[in-house]
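Throughout, protein chains are lettered first and strands after them, A, B, ... in sequence-line order, and every chain is numbered starting at 1.
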Amino acid sequence: MSVRHIGGHAALVVLSLVCLAPIYWMLATSLKPPSEVFDRALLPRSASFENYAFVWQNIPIGRMLLTTFLMAALQTIGQLLTSLLAAFAFARWRFRGDNAIFLLFVGTWLIPLQVTMLPNYVLVAQLGWIDTLAALVVPQLAAAFAVVLMRQYMRAFPRDLLDAAQLDGASNWRTLWGIVVPNLRAPLAALGILLFISTWNEYFWPLLVTRKLESSVIQVGLQMFLTQEGDLWGPLMAAASLASLPIFALYVVLQRQVIDAFIRSGLR
Amino acid sequence: MAQVILPARSERAAPALPPQRPDRTERGTGAARRRSSRRFFQRVEPYLYVVPALLSILIWVYRPLFGTLELSAYQWNLLPTTPRLPVGLDNYRRVLTLPEMGQALWNTGIYIVGLLPFSVILPLGIALLVQGIQGRMRGIYRAIIFTPMLIAPVVVAVVWRWMLHPLHGVVNVGAADLLGTVPVNLLRSQDLAIWTIVGITGWKLLGFSVLLFSAGLTNVSPDYLDAASVDGASGWQITRYITLPLLSPTITFVVLLTVLLSGQWTFPMISVLTNGGPLGSTASIYYLLWELGFRSFNVGVSSAASVLFFAGFGALAWGFTKLMDRFSFYDS
């Protein structure tokens with residue numbers, strides 16, 4: 001190993017520590033009993049789950065985690081479905097207005113949430129959806145990002161397979177579900193994971209359409225908890241850990257797929 | 001690309017390949033009608049697939065865009081029971097004279113410029129460094145560096161707020177001990193709070209960009225690099241004159257992403273860490289729009305500001321893509 005290699009590793013190790021240290025500190029603080037929280041020791045002397053118990057008893061964190069999970073799962077399924085169908089159309093046919101419609105999708109990137117928030121809020125309120133799951137899910141059943149990415153996957157799909165299906169007299173609908181989807185399982189799963197993670201972490205829109213702690217998602221609940229109980233750092237870190245653990249678990253198990261999906265997505 | 005794979009664009013939608021086999025039994029009016037209804041179905045079929053996604057963005061992105069335009073002409077406090085008062089262009093006049101506006105625009109610029117090193121320069125260097133590592137460690141480094149991106153912005157904000165706590169924060173007190181000074185309350189400082197938010201957002205962002213650049217690097221054909229090193233080019237020369245130009249589309253993309261999204265990335269940090277303060281020194285334009293709409297219930301002014309901001313921003317992004325297109329080098 002040359003000096004340059006050692007230098008490279010050293011730099012990356014330091015960087016890795018910088019990336020992981022805050023996460024470690026969150027977990028370490030969450031496991032410290034109240035008497036140790038302020039002492040800045042790297043390891044809790046006596047690990048305890050007191051903070052977790054406190055959080056569990058004092059805020060409806062179970063409800064919030066469930067709401068967050070439902071929101072993320074439903075949005076992911078919805079976005080996968082709508083983008084799958086749309087991308088199939090874009091890859092399969094040239095039709096009048098196809099480019100214009102595709103541009104409409106890409107164009108949504110130029111429109112920040114803050115520009116559309118008021119009319120959307122008014123609509124959701126008129127529908128009586130404030131504090132419901134529908135308010136969290138329905139406005140985001142399609143994502144331009146998913147459509148664009150899925151279209152790229154579809155374009156790379158071997159045409160011979162599609163043609164063979166057509167010769168066998170399969171309808172487009174059956175071709176999509178019988179041939180395209182099974183063959184795109186890996187990228188579909190990867191996109192699903194990315195969508196799930198990003199919706200799990202969503203904050204801005206839930207902040208607008210939920211009023212009550214019980215009907216809110218974990219990210220908003222965490223902020224409300226911070227505002228109300230500013231200095232309870234042990235329980236706060238426990239709540240923050242609970243909000244992150246599902247994602248960490250997903251990442252540890254599926255880390256390779258996530259990274260590969262990213263690298264191969266052809267996002268460039 | 002499309003034209004290579006797909007048959008030439010035809011006026012109406014038709015299955016790509018192969019053409020439908022003619023139906024040999026079609027005779028008489030019944031068959032003809034069936035055939036024409038089949039034609040009709042073929043014509044609308046693509047749209048049926050696009051409609052769910054399209055409808056969703058039309059209702060939840062484009063409709064409200066015009067809705068915002070409409071609201072900007074009224075004075076209203078978001079309560080369904082109060083009537084909307086038409087005020088013409090008054091809201092726009094008020095936006096332009098709003099004292100917070102100038103500061104928020106300036107801050108938004110600081111966020112964008114401040115985040116560029118974290119989204120472009122550092123990740124580029126790190127991606128090159130990681131690319132030079134052989135074997136399993138390469139994947140492990142990438143996975144670790146990507147981790148902060150997975151954590152929810154609110155969690156990131158809460159954790160950093162704890163680590164920067166003026167009395168008990170491990171980073172804040174640790175740094176003060178090391179430098180032999182008194183810990184500073186970074187988030188209450190009018191000069192430093194904004195840079196603290198830039199730093200925290202940058203920490204979260206870094207791994208995302210590293211991965212994007214890594215993706216770009218895997219697309220650079222090793223043949224070019226081999227050819228250059230056979231010709232006796234040094235490592236730095238290869239990076240400077242071959243790798244970087246080939247990466248220019250990725251660089252363009254990441255810069256554009258930073259310009260478009262730094263407002264979204266910093267919003268939760270501002271909201272959790274400083275509420276735009278102290279004295280508006282960390283409020284970005286996005287935060288101001290939210291505050292006007294949902295804190296002071298000044299719907300008209302918030303909408304007018306949104307419209308102005310969207311117009312200016314759109315023009316900026318458009319000009320930027322034109323500009324970058326000219327300077328990007330494509331490996332075709």
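- Below 30°, between 30° and 60°, or above 60°: for B:His165 and A:Phe38 the angle between ring planes is between 30° and 60°, a tilted geometry.
- Only the side chain of A:Leu207 comes within contact range of chain B, with at least one heavy atom under 4.5 Å from a heavy atom of that chain.
- Taking all atoms of both residues into account, the shortest heavy-atom contact from B:Phe213 to B:Leu247 is O-CD2, 4.2 Å.
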Q: Let me see the working for A:Thr108 and B:Tyr62 under side-chain contact (heavy atoms from CB on, under 4.5 Å), right down to the final yes or no.
A: CA-CA 8 Å; A:Thr108 61; B:Tyr62 289 100; 3.8 Å; yes
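- Interface residue A:Val124: only side-chain heavy atoms are found under 4.5 Å from chain B.
- In this structure, chain A has no heavy atom under 4.5 Å from any part of B:Pro80.
- In this structure, chain B has heavy atoms under 4.5 Å from both the backbone and the side chain of A:Gln223.
- Proximity to chain A involves both the backbone and the side chain of B:Ile145, based on heavy atoms less than 4.5 angstrom apart.
- Only the side chain of B:Trp160 comes within contact range of chain A, judged by heavy atoms closer than 4.5 Å.
- No other option in B:Gly207, B:Pro268, B:Gly263, B:Gly293 has as many heavy-atom pairs under 4.5 Å with chain A as B:Pro268.
- The candidate from A:Val13, A:Thr116, A:Val138 with the greatest count of non-hydrogen atom pairs under 4.5 Å with chain B is A:Thr116.
- Of the residues considered (A:Ile247, A:Leu104, A:Leu110), A:Leu104 shows the highest number of contacts with chain B, using heavy-atom pairs under 4.5 Å.
- Comparing A:Gly7, A:Ser244, A:Gly78, A:Ser16 by how many heavy-atom pairs each has under 4.5 Å with chain B, the most go to A:Ser16.
- In this structure, chain B has a heavy atom under 4.5 Å from the side chain of A:Leu15, while its backbone stays farther away.
- Between A:Trp205 and B:Trp60, the two ring planes are perpendicular [angle over 60°; tilted spans 30° to 60°].
- Crowding of A:Arg211 atom CZ: a count of heavy atoms from other residues, nucleotides or ligands under 6.0 Å exceeding 12.
- Scored by the side chain to side chain donor-acceptor pair (under 3.5 Å) test, B:Trp162 finds A:Thr29 as partners (sequence neighbours excluded).
- Of the listed residues (A:Leu123, A:Val147, A:Val122, A:Ile218), the greatest number of heavy-atom pairs within a distance under 4.5 Å of chain B belongs to A:Leu123.
- Using a 4.5 Å cut-off between heavy atoms, A:Tyr121 contacts chain B through its side chain alone, with no backbone atom that close.
- For A:Trp200, no part lies near chain B; criterion is any non-hydrogen pair under 4.5 Å.
- Of all the heavy atoms in B:Ser56 and A:Pro139, the pair that sits closest is OG-O, 4.4 Å.
- The candidate with the highest count of non-hydrogen atom pairs below 4.5 Å against chain A, out of B:Ile140, B:Leu289, B:Val159, is B:Val159.
- A search for side chain to side chain contact (heavy atoms under 4.5 Å, CB included) contacts involving B:Leu128 returns B:Leu217, B:Thr239, B:Thr243, not counting sequence neighbours.
- Interface residue A:Ile23: only side-chain heavy atoms are found under 4.5 Å from chain B.
- Side chains of B:Arg142 and B:Gln131: a donor on one and an acceptor on the other come within 3.5 Å.
- Contact tally against chain A (heavy-atom pairs below 4.5 Å) for B:Gln134, B:His168, B:Gln264: the top residue is B:His168.
- The aromatic rings of B:Phe208 and B:Trp265 sit perpendicular to each other, their planes meeting at more than 60°, with 30° as the lower class boundary.
- Ranked by heavy-atom pairs under 4.5 Å with chain A, the list B:Leu78, B:Ile59, B:Val171, B:Val51 is led by B:Leu78.
- Proximity to chain A is absent for every atom of B:Tyr287, based on heavy atoms less than 4.5 angstrom apart.
- B:Phe267 and A:Tyr203 have tilted rings, their planes meeting at an angle from 30° to 60° on a 0 to 90° scale.
- For chain A, the nearby part of B:Phe294 is the side chain; its heavy atoms alone come within less than 4.5 Å.
- Only the side chain of A:Ile197 comes within contact range of chain B, with heavy atoms under 4.5 Å apart.
- Both the backbone and the side chain of A:Val115 come within contact range of chain B, with heavy atoms under 4.5 Å apart.
- Aromatic pair A:Trp109/A:Phe145: ring centres not closer than 6.0 Å.
- Neither the backbone nor the side chain of A:Val220 comes within contact range of chain B, judged by heavy atoms closer than 4.5 Å.
- Shortest non-hydrogen contact noted between A:Thr82 and A:Ala142 is OG1-CA, 3.6 Å.
- Looking at heavy atoms from C-beta onward, B:Asn298 lies out of side-chain contact with B:Glu291 at the 4.5 angstrom threshold.
- Inter-residue side-chain proximity for A:Leu85 and B:Val50 is flagged as unmet; no heavy-atom pair is nearer than 4.5 Å.
- Residues A:Leu222 and A:Leu236 share a closest heavy-atom pair of CD1-O, 4.1 Å.
- Using a 4.5 Å cut-off between heavy atoms, A:Leu176 touches chain B through its side chain atoms alone.
- At a threshold of 4.5 Å between non-hydrogen side-chain atoms, the residues B:Lys204 and B:Met269 count as touching.
- Among A:Asn120, A:Ile101, A:Leu113, A:Leu118, the residue with the largest count of heavy-atom pairs under 4.5 Å with chain B is A:Asn120.
- Formation of a donor-acceptor pair under 3.5 Å by the B:Arg138 side chain with backbone atoms of B:Ile133 is found in this model.
- In terms of heavy-atom pairs under 4.5 angstrom with chain B, the leader among A:Pro112, A:Ser83, A:Pro22, A:Ala11 is A:Pro22.
- At a heavy-atom cut-off of under 4.5 Å, chain A is reached by B:Pro64, B:Leu65, B:Gly67, B:Thr68, B:Leu71 from residues 64-71 of chain B, listed in order of number.
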Q: Begin with the C-alpha distance, continue with both residues' side-chain angles, and end with the deciding distance and a verdict on side-chain contact (heavy atoms from CB on, under 4.5 Å) for B:Val299 and B:Tyr74.
A: CA-CA 8 Å; B:Val299 172; B:Tyr74 292 92; over 6 Å; no
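- At a 4.5 Å heavy-atom cutoff, the contact between A:Ile111 and chain B is made by backbone and side-chain atoms alike.
- A:Glu202 has its side chain out of reach of A:Val217: every pair of non-hydrogen atoms, C-beta onward, lies at least 4.5 Å apart.
- Taking B:Val173, B:Leu260, B:Leu206 one by one and counting their heavy-atom pairs under 4.5 Å with chain A, the maximum is reached by B:Val173.
- Neither the backbone nor the side chain of A:Leu81 comes within contact range of chain B; no heavy atoms are under 4.5 Å apart.
- No other option in B:Ser306, B:Ala53, B:Pro52 has as many heavy-atom pairs under 4.5 Å with chain A as B:Ala53.
- Proximity to chain A (any heavy atom under 4.5 Å) is restricted, for B:Trp203, to the side chain, taken from C-beta onward.
- A search for salt bridge (charged side-chain N to carboxylate O under 4.0 Å, His left out) contacts involving A:Lys32 returns A:Asp39, not counting sequence neighbours.
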